[in-house]
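In the text below, chain A, chain B and the rest are named by the order of the sequence lines, each starting its count at 1. Atoms considered below: every heavy atom in the structure, side chains included; atoms not considered: hydrogens, waters and symmetry mates.
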Amino acid sequence: MAVLRLTRSSSGPRLTEFICVLLLVLVSVASASRDVVPGSNETWGNPARATQDDPHHQTNSTGHKKAFPVLSFHYEEVKKPLEISLWILLALLMKLGFHIIPRVSNVVPESCLLIFVGLLVGGIIKAIGGEAPGLDAKLFFYYLLPPIILDAGYFLPIRPFTENLGTILVFAVVGTLWNAFFIGGMMYGVVDLLSCLLFGSIISAVDPVAVLAVFEEIHINELLHILVFGESLLNDAVTVVLYHLFKEFAHAGTVTVADAFLGVVCFFVVSLGGIMVGAIYGILGAFTSRFTAHTRVIEPLFVFLYSYMAYLSAEVFHLSGIMSLIACGVVMRPYVEANISHKSYTTIKYFLKMWSSVSETLIFIFLGVSTVAGPHAWNWTFVIVTVILCLVSRVLGVIGLTYIINKFRIVKLTKKDQFIVAYGGLRGAIAFSLGFLLTDSDMKNLFLTAIITVIFFTVFVQGMTIRPLVELLAVKKKKESKGSINEEIHTQFLDHLLTGIEDICGHYGHHHWKDKLNRFNKAYVKRWLIRGERSTEPQLISFYNKMEMKQAMMLVESGSAAKLPTIVSSVSMQNIQTKGPARRRAIPSISKSREEEIRKILRANLQKTRQRLRSYSRHDLLIDPFEDVSEVRFRKQRVEMERRVSFNSDCDMSHYLTVPAKSQETPPVRKVCFESEHQIYTYDDSESPRGSAQASRPHPSSPDAVSLLDESPQRPSQRGALRTRGDAEVRAKAPDDKEEQDQLKLSRCLSDPGPKKDEEEDGSFLS
Amino acid sequence: MGASQTRSEHKYQDLMDKTGFSVEQIKNLHKRFEQLSGNEETISRENLENIPALANNPIRRQIIGAFFDKRNQHQNEVGSFEEIGFEQFLMVMSHFRPPTLKTTEEERETMRKEKLRFLFNMHDTDNDGTITLEEYRKAVEELLSKSGAIGQEGAKAIADAAMLEVASTNVPHMAPDDFYEGITFEHFEQILKGLEMESRMHIRFLDVDTTTMRCGRSTS
């Protein structure tokens, strides 16, 4: 496929299209062959075998001994897995195809194209005469939906979600109720009230799959995205309750006040119960991940399985499976991520994305196929009235609710926001599957047809037009977050500041409770669920470590192309460091014996350090252009770097970047790469007393494990290969450090080029 | 009674214009002020430090300092007060008002600048117009002060990296000998552009009196 992508000529897309068509036909034939009589397998087999070397035909007399079949055709045995694989392959090839043909994918959202493909396939199957598979409700609810919801829940942006939780809940609960009753009530003339209400409850819920599919491509700002998406997730509880309620009552025929009251109670049970089930499994998952240090490979599986169990357990009791899944993902994530290795994290991320992508694709294709397959009862008035009512009720609901909500919100929702929220109320496959589960026969077809029409309308019309509308209305787009450490610092700072101001003002607001929750979390929960010292790591430091790791990875990846990464700025630490008056000279103040020791170590290690992994100092690359760079050495360094990175990321030490904490037991080698980057550049202004032995002077403010290396600045020299990396004013650790650590530190500090400013160079270090 | 009512409204009118609060909000804040000051005319640092809820806040000192900072009074003075009256208290609080639906784009810009200026003043303790590396380090250290030893080690590295980021974004090409003095207000604005301060830096000011609702506790 990569080859296809590279070909600029039009043969690329044509080839893909050819393969796609071929697959389409294959799949259709495969599913159509379900109806073929089993006995005909023989006839299939015969021509195949006839062309083989074996000349004996078994269709002759039955009395003869059958010749041993060298090659035979046994389709029935592999049919099911083969068909499933073919479908999935088709879905993925379609997805691929859309991106190769760029013009179409800019105008039409992917979901529309996929439905269209589904229609095609359904049409082909029907034309061949086979029976097209419908969207089996069990398949949908147990296999296709959970990955999408888990992906959404695990990566849910918590901060905007909690900040807007009130608004989201109002839209989800009250909005859906309003929709259901409005539509159901308005349709009263057609069928009896309860069936109408049932229909209303099915059609009223905004669908997370459709919302995700469409909103992902338009990149609107975070607030709107989380409002619509959050609503689509949280309205599941309402939908579940209403659906079961009306389904029960449709049989009974009447509704009493007691039933209505029970319905309300049921709603609370369903939603809170779902959340609780999810939270329990989440905590279990987090707790389990605490012990997976030695079996890293299965870590992702725990995450997936616990989440799936949460979903299934909730479904057992008819609680809200979606809310359970979301709760599980949200609760589990911070603790699991602190415990698992970097590779497991990447695995989880990519598997979730992969599964949810495949699921989404399959859902839309099946929607198309079911449309062609399913029995339809087309009733013009019913369908048209449904579509109109859906739109009207959505708009009215959003406007009315926003009016009320804005009285309580600090940052109000503007008219533009309201429009997008109303327009983003897409219906999707959940409505279809719920309709499919109905048992009533004639109503069912009527309802199904109407549901499909509404889905098509929202996905095609609203999905296609939302992007130009967003452009037209100049809605704020999502800002590209680059993971800035400054923003993170100030976000935290702001949190504390606002909490403090709230305390001074004297009322318990949003920030106060958030702060209380954080403190509770830090004091009790983290200790149980996070392994090791990371349980006490403040959030800012975790963020910083993650960022450093990301940058290091990026550096390695770009470095492997044997070219320097594009360095945007030439600012380095030396530009920032204070030029205090107490600028220390570059002459290290150490005793003679110590100096000899150092010299010996240097000479021994100098060659090694060049080849040893350098730290991920940005300054490394910055300063290299000034120096004599030999291509070979550079490449060797890159190879070392890559090897070292992969080695490091295998162990949990990868998290311990610049803040090793109490990690005495870790061999110093691992600390080499990351720690030294920052430790070198700390300038301590305290004067080093002359003549005192280095080792005997412990560094005043740092704990044992941290080694502070101070390097004096050096002007880049143009000498030859054996150039020294500059003088290091080495202040060793407290005396109880092992000699080896000292050695390594010394050699390390020399392998890292410090900021080169001063041209002072101690000639004695040259060998 | 009627006379004092109009007098108080007139008194509040002045404050309303200056700070933008509504009468109800000012009344509530005044009640709170009297609670904090023990019914005196002014509050001192001790009054604020005695608030129990603030004890857990890592940047407590800076918050309290901000109240007594003359720069936040928008009168082009520098230095700090010993005690502040209600008007100064209100001025500081006005930095935390949210934008309304009627706020225009320019007003939002001004609001954002004001809030950023408040933050900047909190960091720039020596009032030289820039945040130097030392000051930034101190700020990050304070932020991590409740996190024990781990916090203190990491603070330096984080502050250094943050400073480097500011420098690289604002002054992309510096020769090895150049020295980046410190974060100026323009650079500060630039680096925090993405946070949209006017939508984040605000608290809810109640229009309803909550002090009576909390059954007579004297301090929060």
Side-chain angles (χ1 to χ4, degrees), chain A residues 406 410-412 414 479 481 484-487 489-494 496-507 509-512 515 519 533 536-538 540-541 544 548 568-579 626 658-659 661 678-679 681-682 701-703 706 755-757, chain B residues 29 32 35 48 51 53-54 56-60 63 93 96 98-101 119 132-134 139-140 143-144 147-151 153-154 156-158 160-168 171-174 176-180 191-192 194-195 199-206 210-211 220:
Chain A
N406 269 346
I410 305 182
V411 180
K412 322 274 181 196
T414 64
K479 56 178 169 63
S481 66
S484 151
I485 185 77
N486 276 294
E487 285 189 0
I489 291 178
H490 281 96
T491 313
Q492 299 238 337
F493 194 82
L494 213 54
H496 290 294
L497 173 65
L498 293 175
T499 314
I501 297 286
E502 271 188 4
D503 289 332
I504 293 182
C505 259
H507 70 260
H510 175 76
H511 290 97
H512 179 95
D515 190 57
R519 272 188 284 130
E533 302 98 36
T536 44
E537 193 179 67
L540 189 57
I541 295 198
Y544 177 63
E548 288 291 297
V568 184
S569 86
S570 60
V571 179
S572 65
M573 282 308 296
Q574 70 191 59
N575 298 111
I576 313 180
Q577 293 299 336
T578 41
K579 285 189 193 126
F626 292 109
T658 55
V659 188
H678 303 287
Q679 304 307 348
Y681 305 115
T682 44
S701 62
S702 56
V706 175
K756 295 186 184 286
K757 262 182 60 47
Chain B
L29 286 171
R32 178 64 181 170
Q35 250 182 14
L48 288 182
I51 302 176
L54 266 189
N56 286 315
N57 203 315
I59 55 172
R60 189 169 75 129
I63 298 179
M93 283 299 186
F96 294 95
T100 65
L101 275 177
L119 280 183
T132 60
L133 185 60
E134 277 310 312
V140 177
L143 200 56
L144 294 173
S147 315
I150 301 183
E153 299 154 28
K156 268 209 172 77
I158 293 179
D160 290 346
M163 195 78 170
L164 191 63
E165 196 183 74
V166 178
S168 342
V171 195
H173 298 286
M174 291 177 83
D177 270 347
D178 286 347
F179 178 60
Y180 183 67
I191 199 77
L192 292 183
L195 278 185
S199 326
R200 294 181 72 134
M201 185 167 146
H202 53 71
I203 66 170
R204 184 189 294 281
F205 287 103
L206 300 173
T210 52
T211 52
S220 147

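Minimum heavy-atom separation, C505(A) to I203(B): SG-CD1, 4.0 Å. When all heavy atoms of A157(B) and Y544(A) are compared, the pair lying nearest together is O-OH, 3.5 Å. Residue I59(B) comes nearest to F493(A) through the heavy atom pair CD1-O, 3.7 Å, listed as atom of the first residue, atom of the second, then distance. Residues I489(A) and A162(B) approach most closely at CD1-CB, 3.8 Å, considering heavy atoms. Contact between D503(A) and R32(B) at its shortest, heavy atoms only, is O-NH2, 3.2 Å. The two residues H202(B) and H511(A) make their nearest non-hydrogen contact at O-CE1, 4.1 Å.
Annotation: side chain of H496(A) is not in contact with side chain of I63(B) (no heavy-atom distance under 4.5 Å). Side-chain contact between T499(A) and N56(B): absent, with no pair of heavy atoms (C-beta onward) separated by less than 4.5 Å. In this structure, the side chains of R200(B) and T491(A) come closer than 4.5 Å at one or more pairs of heavy atoms.
Between the CD1 atom of I504(A) and the CG atom of L48(B) there is a distance of 5.0 Å, given to the nearest 0.5 Å. Rounding to the nearest 0.5 angstrom, the gap separating the CE atom in M201(B) from the NE2 atom in H490(A) is 10.5 Å.
Looking at N406(A), the atoms closer than 4.5 Å to chain B (heavy atoms on both sides) all sit in the side chain, from C-beta outward. Using a 4.5 Å cut-off between heavy atoms, L192(B) touches chain A through its side chain atoms alone. With a threshold of 4.5 angstrom between heavy atoms, L494(A) approaches chain B through side-chain atoms but not through N, CA, C or O.
Side-chain N or O atoms of Q492(A) include none that pairs as donor or acceptor with a backbone N or O of L143(B) at under 3.5 Å.
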Task: Audit row: L119(B), L497(A), side chain to side chain contact (heavy atoms under 4.5 Å, CB included) steps and yes/no - done: CA-CA 9 Å; L119(B) 280 183; L497(A) 173 65; 3.8 Å; yes
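When each of L195(B), L29(B), I158(B) is scored by its heavy-atom pairs under 4.5 Å with chain A, the top score falls to I158(B). With chain B as the partner, the residue from T414(A), V411(A), L498(A), D515(A) showing the most heavy-atom pairs under 4.5 Å is L498(A).
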